[in-house]
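Worksheet: one structure, shown below.
Labels below follow one simple rule: chain letters A, B, ... track the order of the sequence lines, proteins then strands, and each chain is numbered from 1.
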Amino acid sequence: MTRHFKDVWFVLSAATLALFALFLLYPLLNVLSASLSAGTGGQSGWATLVNDPRYSSAVTNTLLLGAIVTVTSTLIGVPLAFVAARFSFHGKALIALLPMTTLIVPEVIAAQTWLMILGNNGFVTRAFADWGIRLPSFYGWFGLITVMTFVYYTYVYIGTLAAIKGFDSQLEEASQSLGVPPGRTLLKVMVPVVAPSILASALLVFTLVVGNFAVATILGQRVYLLSVLTYQSFVSEVGTNPVMQSTLASVSIGIVACALFAQRWIVSRGRYEIVQGRGAKPQPLAGLATLPIALGAALIMIVSLLPLVTIVAGAFTRARGPVMRWGEWTTANLERVFLSAPDPIVNTLIFAGIATVLSLLISTVVGFLVVKKRNALTPSIDYLSALPLALSGTVLGIGLMISFNGGFLPLAGTGAIIVVAYLIRRLPFGIRNASSTLYNIPNSIEDASISLGVPPLRTFFKVVFPLMLPSIAAAAVLVWTTTVAELSASVVVYSAGQETMPIQIFRLIDSNLMAQASAYGLVLVGVILIPILIATTVFKIDLFAAK
Amino acid sequence: MAGIRIDNLVVGYGAEPVISDLSLDIADGSLFTLLGPSGCGKTTLLRTIAGFIPVRAGKLFFGDRDVTDLPAYRRDIGMVFQDYALFPDKSVYDNVAYGLRARNVPEATIKTTVGEYLERVGLSAFAQRMPAALSGGQRQRVALARALAIKPTVLLMDEPLSNLDAKLRVQVRETIADLQRQVGITTVLVTHDQEEALALSDRIGLLRLGKLEQVGGPEDLYARPVSAYVADFVGAANTLNVELSAPTTAGALAHVALEGANLQAFAPAALPAGKAVLIARGETLKLGPAANDANSIPCTVRRRQYLGGRTSFRVATASGREILVEAHGAVPGLAAGDAAALRFDPAQTLVVAS
Ligand SMILES: Nc1ncnc2c1ncn2[C@@H]1O[C@H](COP(=O)(O)OP(=O)(O)OP(=O)(O)O)[C@@H](O)[C@H]1O
Ligand SMILES: [Mg+2]
């Protein structure tokens with residue numbers, strides 16, 4: 001049909017699609033197909049899954065944990081969002097920082113710090129022990145649920161807050177003018193409009209719990225979980241079990257894919273025409289409710305910030321082997337990290353740096369293609385670019401390892417495979433953020449530039465790109481911060497000497513060397529926090545504009 | 001500068017073409033208006049001329065130059081958009097300079113050219129403003145200056161006035177008309193506002209379902225519509241189904257039967273006997289006291305409205321058909337309920353095929 005327009009965009013689309021096919025589709029197909037071949041003892045992976053209680057309990061445990069954490073996260077996130085949207089009180093500004101804590105505190109550090117507080121050697125556990133009270137073991141369900149809830153409730157909080165703020169408060173006034181009291185108005189008018197957003201973010205939490213590696217491995221212990229068993233069947237010392245690892249990976253892909261489909265369905269069904277921008281003004285808190293609401297919010301705040309405090313304290317606390325000597329301060333841990341073992345820091349910066357730059361390039365192009373230059377290929381690109389959401393890091397890592405271990409593209413063992421893992425894993429995130437402003441740029445602007453004699457590609461760089469810059473900058477910060485914290489895929493694909501900070505922290509936690517882990521943790525938090533601070537304070541970038 | 005020639009153009013998005021086999025000549029230096037209802041293909045045709053939509057068949061010429069296969073950025077067009085399409089991150093000056101910079105014009109020349117065109121649209125004082133700090137009318141004038149500053153071969157405008165309120169619309173309309181005449185650039189304007197089309201155009205093309213229903217000067221379309229559709233779209237007209245007793249030749253006075261009376265009307269084109277449509281504008285009809293005038297039918301006044309400069313009547317024929325009549329000034333006598341005679345002017349009443 002486009003007989004006379006040589007289309008640059010079509011060529012770019014084809015290149016993008018080829019990239020996705022190689023590093024996303026091909027590994028995924030390898031994982032799925034390996035699960036169908038016969039494993040040890042001639043049993044197929046699926047038969048083992050059903051017959052071996054270890055594996056079948058992992059499936060039920062994972063689903064159960066996902067369900068519980070989804071509920072607990074919602075129970076914290078929704079009321080907090082409502083309070084933040086509708087009331088004003090002293091110290092409320094702090095609540096605005098909550099979404100940041102998820103970014104600033106990587107999961108592995110959250111798990112670690114909670115162990116330092118409530119683990120067998122945790123300072124709270126020991127303090128209670130000194131009083132003669134034995135706390136229940138933090139390993140297992142107790143720890144898993146607590147830590148994951150406080151890691152993930154912010155997702156529900158952010159989703160709900162955006163929905164409540166976007167809700168047209170005139171509808172409430174309309175309802176009240178029709179004689180429905182405020183409380184019932186909320187239930188009948190606001191809840192139906194906001195519910196899809198809450199449900200969608202809750203389902204997101206579910207998928208994150210199912211895919212979670214760091215917390216599950218560190219705290220799971222005797223509770224078998226899919227992600228942990230998948231990882232163990234990959235690194236197992238008694239010989240890896242390729243069939244089982246693929247089978248388990250396939251199960252987790254299936255679970256997450258179902259949840260994501262349900263999420264998309266809810267989002268598409270729940271999209272009402274909402275007149276934006278007339279959210280209710282926050283009311284000052286008054287009366288009886290003041291104390292419980294403020295206290296509740298404060299408690300959530302404190303617990304959320306606890307990991308940050310602990311990591312700082314831990315990094316400066318003297319330790320003898322696994323024993324933390326709380327109260328004895330030292331800079332030895334940090335000296336060691338910077339002077340004798342800086343490799344993980346250097347590795348992290350290099351791998352994440354390359355991955356972030358590539359990710360921004362691809363995200364910008366893909367975002368532009370999908371939003372502005374639809375052609376026969378762009379629907380596939382759109383679909384594939386969301387696919388990494390359905391793959392946990394562990395699964396992606398395993399897929400890359402089976403696909404590029406020797407063969408036509410032997411990446412395993414090189415740093416490149418870590419970069420690829422980072423890149424693919426954070427791609428949906430990068431694309432969504434980089435393209436968020438594109439929807440507000442009218443097509444006529446491009447036409448205007450072209451009509452004035454500027455060819456399409458140059459028009460993109462002269463007219464569209466400058467307008468995309470704020471969202472690309474936000475995407476840069478977000479992709480960087482989430483990439484330096486990446487553990488679950490990189491821990492599968494890395495080789496000796498390529499340890500990144502999260503991997504090193506993970507190994508140190510395994511050896512119970514919390515002070516060292518804290519020191520790396522502190523550096524990692526710094527590497528995350530500094531770009532965020534510069535972006536938000538110096539460049540005034542709204543990091544969460546895309547939400 | 002050059003005229004535009006369109007030969008047997010076919011354009012479409014899906015299976016069905018939106019523009020089918022359209023041919024059109026637009027004279028060098030003239031202002032041509034594409035008029036038509038929503039969805040008839042005006043934007044499609046304009047964007048095809050601009051080069052944003054590929055053609056399926058047919059040819060497109062700017063003067064002698066065949067531009068059918070030329071991409072938009074090499075067609076040397078000036079374009080003005082409905083939503084202004086100003087670059088929001090560039091100042092008024094940089095917006096107008098944009099096309100000149102793309103042509104590697106020296107910065108000194110750019111300065112004088114931009115100054116000249118901002119002067120022409122009356123916005124010299126606003127050169128350093130950002131688009132967001134301008135009113136709608138000012139934005140559209142910047143867009144006009146930007147399109148003209150590159151001295152394009154043709155100027156294309158898609159409903160440039162429709163985002164402006166009524167008063168501004170007339171103002172910017174004047175700016176466009178003046179500038180177009182001064183610069184003498186071949187211009188295609190898209191609108192669905194018939195008054196705008198009549199006021200601005202040298203020639204008008206009325207588009208209906210991707211085909212040109214009539215092309216002609218404003219008076220042609222108003223006074224000599226080729227169909228009831230044209231008459232109805234360009235100004236209000238009474239259209240009445242009539243019987244033609246005998247075939248007529250083009251340009252002759254035909255005899256038609258209406259409400260039992262035998263009327264004379266002008267036939268612009270040859271017509272067979274049988275069903276036809278009578279077109280009569282309200283202001284060409286005369287209302288008088290009931291009498292057996294020639295070329296008239298009896299009627300009853302249903303409603304009378306005094307509108308200042310004119311008086312509007314709604315009358316009903318014997319069979320109940322309603323007709324609007326407009327008379328100059330105040331008309332004494334004739335109130336609602338009165339019987340009257342409605343006289344048709346043979347020269348200004350048209351009969352066309354139904
Ligand atoms: N991108 C597109 N893809 C498919 N069909 C289209 C597209 N753009 C327009 N059409 C169809 O082509 C026909 C003509 O559309 P066009 O935009 O040219 O109308 P228009 O005369 O400019 O109308 P309006 O006065 O409402 O702007 C319509 O039926 C429309 O639905
Ligand atoms: Mg249009």
*Between T153(B) and T186(B), is a side chain to side chain contact (heavy atoms under 4.5 Å, CB included) present by the stated rule, with each step listed?*
CA-CA 7 Å; T153(B) 318; T186(B) 313; over 6 Å; no

*Verify side chain to side chain contact (heavy atoms under 4.5 Å, CB included) between V479(A) and Y422(A), making sure each step is shown before the conclusion.*
CA-CA 9 Å; V479(A) 169; Y422(A) 280 170; over 6 Å; no

_side chain to side chain contact (heavy atoms under 4.5 Å, CB included) for T191(B) and T33(B)? Distances and angles first, verdict last._
CA-CA 7 Å; T191(B) 182; T33(B) 297; 3.5 Å; yes

*asked:* Under the criterion side chain to side chain contact (heavy atoms under 4.5 Å, CB included), I'd like the reasoning laid out for T16(A) against L369(A): C-alpha separation, chi angles, the key distance, then a yes or no.
replied: CA-CA 10 Å; T16(A) 311; L369(A) 288 175; 4.2 Å; yes

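Between the side chain of W480(A) and the backbone N or O of V527(A), at least one donor-acceptor pair lies under 3.5 Å. Here the side chain of S30(B) pairs a donor or acceptor atom with the backbone of A27(B) at under 3.5 angstrom. Judged by distance alone, the side chain of D158(B) and the main-chain N or O of Q82(B) form no donor-acceptor pair under 3.5 Å. Using a distance-only test at 3.5 Å, with no hydrogens or angles considered, a donor-acceptor pair links the side chain of N433(A) to the main chain of F429(A). No side-chain donor-acceptor contact under 3.5 Å links R56(B) to the backbone of I19(B). No donor-acceptor distance shorter than 3.5 angstrom exists from the side chain of R203(B) to the backbone of I26(B), with no hydrogens or angles considered.
Residues R173(B) and L164(B) form no side-chain contact, since every pair of their non-hydrogen atoms from C-beta on lies 4.5 Å or further apart. For the pair I528(A)/P531(A), no side-chain contact is recorded, criterion being any heavy-atom separation below 4.5 Å from C-beta on. With a 4.5 Å cut-off on side-chain heavy atoms, V190(B) and L34(B) count as touching. Inter-residue side-chain proximity for P131(B) and K90(B) is flagged as unmet; no heavy-atom pair is nearer than 4.5 Å. The closest side-chain heavy-atom distance from L46(B) to F52(B) is not below 4.5 Å. Side-chain atoms of L25(A) and F20(A), non-hydrogen and from C-beta on, never get closer than 4.5 Å to each other. Within the 4.5 Å cutoff, the side chain of L467(A) has no heavy atoms near those of the F87(B) side chain.
Within the 4.5 angstrom heavy-atom criterion, only side-chain atoms of I150(B), from C-beta onward, approach chain A. Contacts between R47(B) and chain A at a heavy-atom distance below 4.5 Å involve the side chain alone, from C-beta outward.
Within residues 134-144 of chain B, no residue has any heavy atom closer than 4.5 Å to a heavy atom of chain A. At a heavy-atom separation below 4.5 angstrom, chain B is approached by A448(A), S449(A), I450(A), S451(A), L452(A), G453(A), V454(A), P455(A), P456(A), R458(A), T459(A), K462(A), V463(A) within residues 448-464 of chain A. Within residues 93-107 of chain B, the residues having any heavy atom closer than 4.5 Å to a heavy atom of chain A are Y98(B), G99(B), A102(B), R103(B), listed by residue number. For residues 352-366 of chain A, heavy-atom neighbours of chain B at less than 4.5 Å comprise no residues at all.
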